[in-house]
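Predicted model only: the values in this text are computed from it and were never measured.
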Amino acid sequence: MTTAPLPRQPADPSATPADRVPLWGPEFAADPHAVYARLRDYGACAPVELAPGVNATLVTSYRAALDVLHDTETYSRDPRVWQDTVPADSPVLPMMMWRPNALFNDGETHARYRQAISDCLSLIEPHELRDVTHRAADTLIQTFAADGRVDLVGQYAAALPLLVFNDIFGLPDAHGPGMVSAMGRMFDAASPEDAGSALVEIERYLRDLVALKERMRGQDVTSWLLDHPVGLTADEVVVQLLTATAAGYAPMSSLISTVLSRMLSDPRYYRTISSGALTSGDAIAEVLWNDPPLANYSVHYPRRDVDLHGTWIPRHTPVVISYTAANTAPADLPPGPRSDSGAHLAFAAGPHACPAKQPAVLIAGTAIDRLTGWLCDVEIAVPYDQLTWRPGPFHRSLTALPARFTPIAPDQKGTSPWTVSPPSPARAPGRPGTAPRSAPRDARHDG
Ligand code: HEM
């Protein structure tokens, strides 16, 4: 990618590979906000590459994003026509290929899957979800609490959502570690074959789980899906669980680690952990606005050639919404409140908006508060600007978040984060400069 100014003209769908801006390389991962700033020079939409040779139109304007997200007549979510034009081993297919679930279907089919998953998620009581998250957090914290150092991505944020999902899906505890390891292998796979074999393993866990719940129902999402009045088959329940796991795992894990990276390196949050200036809720809101875990997604396919805010887009080609660019677009917003009450787009909007918005924010906030409750002097072990981010067009996630703290013994009998006397924070005031690279936007909405 060059740093030369981009042409001030609408995105041209016939743009050559050299004109298209790659969203898959290390430059984009290192500083996506600089790339979004340049992409805005094209207007509301820009020509991008999601992977080498995979072209798409990226919507960077908040207003245009809302127009697409709400327009089910012009745009379909079904990728099958486009999919037939892409090599079977394309790295974007795991995130973009058709499946019988809510994400990749329109109309009544979408409504049926969505209703089932939304209804079942809404049956989870917030206080139970908080307890489940506490248990998951404690299990993980106990594995590194005595060490005094930890990678908060690998040892905490990447594992916690799966432990929570296992619990709410009703997966027997003995299967938890296997599921966590298979999911880790799927996301870190060195090759499409490795990812494929990890996926097969995950599907096997979920099939066994559905078979178990068919024999014996419990108070869990799997049993509720089997009994839902829309009448899902056992195979469909497996796909819905897989979708929820895949759709929820990576963004949950990124939200927890990105928020922790901000809290542990931004002086405005410096006192939060011990005495509270800005809270984890403020940090979550800031990240959802400025650096959402799913940066670009909501892939739409025009049913006919369309003109979107001045950009001509051929039918059946992918139109991707940049939640990050839309959230942070400065001149895009009309004066006064936004048309949808000023919400950020981190959970998208319209009929496919995330049905797990509230539980996701609750899990993230609980996981962060539990960690900082136990490790009250935890601090980042490398400067913020030396943290590295995974490459890829869709997710915004850290590769690692090294941290240090005074070792504790949380498995000591009769103690809990709230009954044990936490060590007093040993940090000197005004820690050396590890502030985030760009001044964060004000927190306005916690999702
Ligand atoms: C911080 C965490 C999360 C973020 C940022 C997030 C974000 C999103 C976004 C942006 C979409 C829209 C995708 C699209 O239009 O293509 C979406 C959809 C979805 N999310 Fe989430 N999500 C999170 C957590 C979860 C969790 C925990 C679950 C379930 C356990 C979940 C289940 C789903 C499902 C099933 C859909 C598809 C909805 C539909 O197409 O009607 N998400 N999510």
Side-chain angles (χ1 to χ4, degrees), residues 77-78 94-95 97-133 135-136 139 159-187 195-252 352 354-356 358-360 362-363:
R77 302 296 302 255
D78 187 334
M95 286 290 287
M97 67 192 272
W98 183 87
R99 291 183 194 90
N101 64 13
L103 271 175
F104 302 110
N105 288 282
D106 303 312
E108 285 178 18
T109 311
H110 165 250
R112 176 167 172 268
Y113 291 132
R114 185 178 171 91
Q115 197 185 342
I117 191 71
S118 309
D119 288 351
C120 294
L121 290 174
S122 72
L123 289 176
I124 305 169
E125 293 288 345
H127 69 270
E128 280 170 18
L129 192 55
R130 204 169 281 118
D131 288 349
V132 167
T133 309
R135 277 202 299 278
T139 301
L160 185 134
L162 282 176
L163 294 182
V164 172
F165 294 170
N166 287 350
D167 202 318
I168 63 177
F169 291 174
L171 196 77
D173 281 351
H175 294 272
M179 189 65 173
V180 172
S181 126
M183 194 55 97
R185 276 184 288 120
M186 190 167 92
F187 274 87
S197 78
L199 180 62
V200 168
E201 202 177 319
I202 293 165
E203 274 177 336
R204 187 170 50 75
Y205 276 116
L206 295 177
R207 274 190 198 291
D208 290 350
L209 171 64
V210 172
L212 175 75
K213 296 296 163 181
E214 276 188 302
R215 292 194 299 276
M216 196 173 60
R217 298 287 201 273
Q219 284 301 309
D220 49 62
V221 170
T222 309
S223 300
W224 298 330
L225 281 169
L226 284 167
D227 287 337
H228 195 280
V230 299
L232 299 175
T233 63
D235 282 351
E236 284 179 316
V237 171
V238 171
V239 177
Q240 305 326 302
L241 291 175
L242 188 60
T243 303
T245 309
Y249 165 67
M252 278 298 340
H352 289 267
C354 183
Q358 279 85 8
L362 190 151
I363 294 168

*Taking every non-hydrogen atom, the tightest pair across Ala182 and Ala198*: O-CB, 3.4 Å

*Is there a side-chain contact between Leu242 and Leu199 (heavy atoms, below 4.5 Å)?*
yes

*Met179 and Leu163: side-chain contact (heavy atoms from CB on, under 4.5 Å), yes or no, with the steps?*
CA-CA 9 Å; Met179 189 65 173; Leu163 294 182; over 6 Å; no

*Could you state the interatomic distance from CD1 (Ile168) to CG (Leu123), rounded to the nearest 0.5 Å?*
11.5 Å

_Side chain Asn105, main chain Trp98, donor-acceptor under 3.5 Å_ = no

*Starting from the C-alpha separation in whole Å, work towards a yes-or-no answer on side-chain contact (heavy atoms from CB on, under 4.5 Å) for Leu206 and Val237.*
CA-CA 9 Å; Leu206 295 177; Val237 171; over 6 Å; no

*Hey, does the side chain of Gln240 reach the backbone of Pro100 with a donor-acceptor pair shorter than 3.5 angstrom?*
yes

*Please test Leu232 against Arg112 for side-chain contact (heavy atoms from CB on, under 4.5 Å), starting from the C-alpha separation and ending with a verdict.*
CA-CA 9 Å; Leu232 299 175; Arg112 176 167 172 268; 3.9 Å; yes

*Measure the CG-CZ distance between Leu241 and Phe169 for me, rounded to the nearest 0.5 Å.*
5.5 Å

_side chain to side chain donor-acceptor pair (under 3.5 Å) partner of Lys213, the single match among Asp227, Asp220, Thr222_ = Asp220

*Leu160 CG to Met252 CE distance, which is reported to the nearest 0.5 Å*: 7.5 Å

*What pairs with Phe104 under ring pair (Phe, Tyr, Trp, His ring centres under 6.0 Å), at least two apart in sequence or on another chain?*
none

*Looking at Ser223 and Gly218, what are the two nearest heavy atoms and their distance?*
OG-N, 2.8 Å

_Nearest-0.5 Å distance, CG of residue Leu171 to CG of residue Asp208_ = 9.0 Å

*Go through the structure and list residues passing side chain to side chain donor-acceptor pair (under 3.5 Å) with Tyr205, not counting sequence neighbours.*
none

*Heavy atoms only: give me the nearest Val164-Ile363 pair and the separation to one decimal.*
CG1-CD1, 3.9 Å

*Does the side chain of Leu212 come within less than 4.5 Å of Pro172's, by heavy atoms?*
yes

_ring-ring contact (aromatic ring centres under 6.0 Å, His included) pairs, two or more places apart, involving residues 207-234_ = none

*Pairwise side-chain contact, Asp235 with Val239, heavy-atom cut-off 4.5 Å (strictly under)*: no

*Looking only at non-hydrogen atoms, find the nearest pair between Arg77 and Leu103 and report the distance.*
CB-O, 3.6 Å

_I need the minimum non-hydrogen distance between Ala102 and Tyr113, along with the two atoms involved._
N-CB, 3.7 Å

*asked:* Please report the interatomic distance CD1(Ile202) to CG(Leu162), rounded to the nearest 0.5 Å.
replied: 8.0 Å

_Just verifying a value: how many Å separate Ile117 CD1 and Asn101 CG, rounded to the nearest 0.5 Å?_
10.0 Å

*Search all heavy atoms of Gly231 against all heavy atoms of Glu236 and return the closest pair with its distance.*
O-OE1, 4.2 Å

